[in-house]
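A short worksheet on the structure shown next.
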Amino acid sequence: MSAQQSNIYNLLGKLEEAMDRGFPLLSSYMVVVKRDTVETLLDNIYASLPTEVQDARSLLRRRDEIQHEAQQRAEKVIRDAQAEAARLLSESDLLKAVQREAQKIKEQVIADCDAMKRQAMEEADAIRSQANDEVLRTKEGASVYAEQVLTNLEQNLNQLQQIVKSGQVQLERQRSEAVTAAYSGNVDTAGSYKM
């Protein structure tokens, strides 16, 4: 038996003696021992253990620390992933809102263009009716008057046509901007799609 083992057995014997000298409770089922005596003996026993056992205890403590750190990192990764998912969902909702707004603008432009076309047609009808009335009322100078009315009508129609074309150009520009905005929201600066 080595001196180290002998020392451990000696310390364990002292621990047994301390328990034997302790105050018995419940017919010796339990014993009250001075805490500092037991703590001192246990410290001495740990100090007398071979270095391999002490190293193993240190490794076990370190393993527990590593497991705790890994658990904390895993929880952080999960929290970060949940936050990123919430952010992406929020961006998706924003994109949908932009698309809805673009659709409303498109519908409004179409409605405005339709109203302008109806108004142009009503104005053209009114001018034609006025021209017919004037032709029926007077025969003298009818050809000059008709030519003047038709010239005015042509100018009005050209203006209305330009208004309609402007409305169509504006509609196309808004549609392109909405598509570009939606596209640029799904493509990063390197040109790859976001996931």
Side-chain angles (χ1 to χ4, degrees), residues 55-139 141-195:
D55 291 345
R57 286 188 73 227
S58 295
L59 284 175
L60 288 174
R61 277 195 302 269
R62 181 65 185 136
R63 183 201 64 186
D64 292 342
E65 290 171 4
I66 290 171
Q67 284 178 340
H68 181 69
E69 289 173 8
Q71 179 69 27
Q72 287 179 331
R73 283 189 198 138
E75 289 171 0
K76 184 182 183 311
V77 167
I78 290 169
R79 282 193 307 272
D80 291 347
Q82 289 171 339
E84 180 66 11
R87 184 187 66 77
L88 291 174
L89 182 60
S90 174
E91 286 181 1
S92 173
D93 291 343
L94 178 63
L95 179 60
K96 287 176 185 174
V98 167
Q99 288 172 338
R100 282 192 299 269
E101 188 62 27
Q103 183 63 28
K104 284 180 188 175
I105 291 170
K106 174 183 170 184
E107 290 169 1
Q108 183 61 47
V109 169
I110 291 171
D112 290 346
C113 288
D114 288 344
M116 285 187 273
K117 286 179 185 177
R118 277 193 305 274
Q119 184 180 359
M121 294 305 292
E122 288 170 3
E123 289 177 5
D125 288 343
I127 291 170
R128 277 191 211 111
S129 177
Q130 183 182 359
N132 288 336
D133 289 346
E134 290 291 328
V135 167
L136 292 175
R137 269 188 241 141
T138 178
K139 290 190 178 200
S143 62
V144 175
Y145 181 78
E147 186 177 331
Q148 183 182 3
V149 169
L150 290 175
T151 301
N152 289 340
L153 178 60
E154 182 181 359
Q155 290 173 350
N156 287 339
L157 288 175
N158 284 338
Q159 289 175 351
L160 291 173
Q161 187 177 14
Q162 287 181 354
I163 290 171
V164 170
K165 284 184 180 179
S166 294
Q168 290 172 333
V169 167
Q170 181 183 2
L171 175 62
E172 184 60 33
R173 187 179 323 126
Q174 288 176 346
R175 187 179 316 153
S176 295
E177 289 172 356
V179 169
T180 302
Y183 182 76
S184 66
N186 290 331
V187 178
D188 64 16
T189 56
S192 62
Y193 285 103
K194 291 182 179 178
M195 298 306 258

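Just so it is clear, the model here is predicted, and its values are computed rather than measured.
- With respect to the salt-bridge test (charged N to carboxylate O, under 4.0 angstrom), the residues R175 and E172 qualify.
- A side-chain N or O of Q103 and one of E107 form a donor-acceptor pair less than 3.5 Å apart.
- Distance check: S176 OG to L171 CG gives 9.5 Å after rounding to the nearest 0.5 Å.
- Minimum heavy-atom separation, Q99 to A182: NE2-CB, 4.0 Å.
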Quiz item: Can you check salt bridge (Lys or Arg N to Asp or Glu O under 4.0 Å) on E65 and R62, steps first, answer last?
Solution: CA-CA 5 Å; E65 290 171 4; R62 181 65 185 136; 3.2 Å; yes
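- R63 places a side-chain heavy atom less than 4.5 Å from the side chain of L60.
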Practice problem: Go through Q174 and V109 one step at a time and tell me if the side-chain contact (heavy atoms from CB on, under 4.5 Å) criterion holds. | Solution: CA-CA 10 Å; Q174 288 176 346; V109 169; 3.4 Å; yes
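- Atom CD of Q170 and atom CD1 of I105 lie 9.5 Å apart (nearest 0.5 Å).
- We find the CD1-CG distance between I163 and N158 to be 11.0 Å, quoted to the nearest 0.5 Å.
- L157 approaches A124 most closely through the heavy-atom pair CD2-CB, 4.4 Å.
- No side-chain N or O of N152 forms a donor-acceptor pair with one of Q148 less than 3.5 Å apart.
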Quiz item: After noting the C-alpha distance and the side-chain angles of K76 and D80, does the key distance pass the side-chain contact (heavy atoms from CB on, under 4.5 Å) rule?
Solution: CA-CA 6 Å; K76 184 182 183 311; D80 291 347; 2.8 Å; yes
Exercise. Could you walk me through whether D114 and R118 pass the salt bridge (Lys or Arg N to Asp or Glu O under 4.0 Å) test, one step at a time?
Key: CA-CA 6 Å; D114 288 344; R118 277 193 305 274; 5.2 Å; no
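- Of the residues M121, E123, K117, the one that meets the side chain to side chain contact (heavy atoms under 4.5 Å, CB included) test with Q119 is E123.
- Using a 4.0 Å cut-off between charged side-chain N and carboxylate O, R128 and D125 make a salt bridge.
- Taking both residues in full, the closest heavy atoms of A178 and A102 are given as CB-CB, 3.5 Å, listed atom of the first, atom of the second, then distance.
- With 3.5 Å as the limit, one finds a donor-acceptor pair spanning the side chains of Q71 and E75.
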